[in-house]
Asks: 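Structure below; questions to follow.
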Amino acid sequence: MSTTDVRRGDPVTTVLTWEVRPGREQEFERWTLGITRCARRFPGNEGVSWLRPEDGHRFHAVLRWSDAHRLTAWLESDERAAWHARIDDIATELGSERQSTTGLETWFSLPGTTVRPPVRWKMVLTTFLGAFPCTLLIQWLVAPRTAAWPLPLRAAVFPVMLLPVLTYLVMPLLSRLLRRWLYPPPDH
């Protein structure tokens with residue numbers, strides 16, 4: 001799915017893939033810190049995460065934006081172009097592998113790569129490990145304060161609080177922490 005395939009008002013997640021020249025990984029990692037700070041200040045940015053390879057030289061940037069229009073503005077911005085000019089001899093963005101998505105599949109898969117999502121039972125267990133503590137906290141801290149509210153309003157509080165926490169904090173963290181279990185090497 002390209003950024004033009006995403007409906008205009010939907011939040012969008014984009015994965016960018018970089019091929020880093022051997023021996024230049026530390027320079028590239030320093031560069032990622034700067035461009036990440038720049039992107040986070042850009043209107044509509046909702047977060048940037050970097051996935052570093054265990055082997056090889058392909059790095060992946062996972063960018064979350066409020067909508068496709070603001071993502072496009074960042075991708076075409078002078079600020080981004082200036083940051084890219086700094087690493088011409090260090091790394092190359094593989095534009096042919098850029099993809100954008102709008103769903104929860106980004107919890108477990110990397111669009112534009114050959115990495116397969118984990119088996120479903122691992123996704124279910126990982127999601128449970130993330131959702132259960134959040135659910136417990138919401139039930140403990142919020143549910144008693146909303147007990148007198150009408151049922152539809154009480155029911156709305158739960159997903160409004162849970163889903164952003166899972167999407168932006170818990171699941172990216174769990175995916176990194178459980179990476180070796182979720183994505184075992186092909187020989188296992």
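Computed from a prediction, not measured in an experiment: that's the story for all the values here.
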Asks: What are the two closest heavy atoms between G23 and E27, and how far apart are they?
Replies: O-OE2, 4.5 Å
Asks: Going from CE on M171 to CE on M123, what distance comes out if it is rounded to the nearest 0.5 angstrom?
Replies: 9.5 Å
Asks: Can you see whether W83 has R80 sitting over its ring - NZ or CZ less than 6.0 Å from the centre and within 45° of the normal?
Replies: no
Asks: Mind checking whether F132 and V157 sit in one hydrophobic cluster, side chains of I, L, V, M, F, W, Y counted as touching below 4.5 Å?
Replies: no
Asks: Please determine whether residues L16 and L33 belong to a single hydrophobic cluster, defined as Ile, Leu, Val, Met, Phe, Trp and Tyr linked transitively by side-chain heavy-atom distances below 4.5 Å.
Replies: no
Asks: Which heavy atom of P144 sits nearest to which heavy atom of Q139, and what is that distance?
Replies: CD-O, 3.2 Å
Asks: Could you go through the side chain to side chain contact (heavy atoms under 4.5 Å, CB included) check for R58 and L94 one step at a time?
Replies: CA-CA 9 Å; R58 284 193 179 188; L94 303 177; 3.5 Å; yes
Asks: Answer yes or no: are there more than 12 heavy-atom neighbours, outside W140 itself, under 6.0 Å from its atom CH2?
Replies: no
Asks: Could you tell me which non-hydrogen atom of V160 sits nearest to which non-hydrogen atom of P164, and how far apart they are?
Replies: O-CD, 3.1 Å
Asks: Has D89 got more than 12 heavy atoms of other residues, nucleotides or ligands less than 6.0 Å from its CG?
Replies: yes
Asks: Return the SG to CE distance between C134 and M161, rounded to the nearest 0.5 Å.
Replies: 9.5 Å
Asks: Under 4.5 Å between side-chain heavy atoms, hopping through other hydrophobics if needed: is there a path connecting L177 to V170?
Replies: no
Asks: Would you list the pairs meeting side chain to side chain donor-acceptor pair (under 3.5 Å) in which at least one residue belongs to residues 28-40, sequence neighbours left out?
Replies: E29-R52, T36-W50
Asks: Distance check, rounded to the nearest 0.5 Å: L163 atom CG versus F158 atom CZ?
Replies: 8.5 Å
Asks: Identify the two heavy atoms, one from T14 and one from L71, that lie closest to each other, and give their separation to 0.1 Å.
Replies: OG1-CD2, 2.9 Å
Asks: Starting from the C-alpha separation in whole Å, work towards a yes-or-no answer on side chain to side chain contact (heavy atoms under 4.5 Å, CB included) for E19 and T17.
Replies: CA-CA 7 Å; E19 183 74 33; T17 301; over 6 Å; no
Asks: Let me confirm one number: the CG-CD1 distance from L162 to I138, rounded to the nearest 0.5 Å.
Replies: 5.0 Å
Asks: Taking all non-hydrogen atoms of both residues into account, name the closest pair between H57 and P22 and its distance.
Replies: CE1-CA, 3.7 Å
Asks: So W74 and F42, would you call those rings parallel, tilted or perpendicular, with 30° and 60° as cut-offs?
Replies: perpendicular
Asks: Could you tell me the separation between the OG1 atom of T146 and the CG atom of L153, rounded to the nearest 0.5 Å?
Replies: 8.0 Å
Asks: Would a hydrophobic clustering, with Ile, Leu, Val, Met, Phe, Trp and Tyr connected at side-chain separations under 4.5 Å, put L166 with L137?
Replies: yes
Asks: Tell me every residue that passes side-chain hydrogen bond (donor to acceptor under 3.5 Å, both in side chains) with T92, counting only those two or more places apart in sequence or in another chain.
Replies: R21
Asks: Carefully, step by step, assess V142 and R145 under the rule side chain to side chain contact (heavy atoms under 4.5 Å, CB included).
Replies: CA-CA 5 Å; V142 179; R145 291 172 176 78; 5.7 Å; no
Asks: At their closest point, which heavy atom of L129 faces which heavy atom of P133, and how far apart are they?
Replies: O-CD, 3.1 Å
Asks: Quick check for you: to the nearest 0.5 Å, what is the distance between I90 atom CD1 and E25 atom CD?
Replies: 10.5 Å
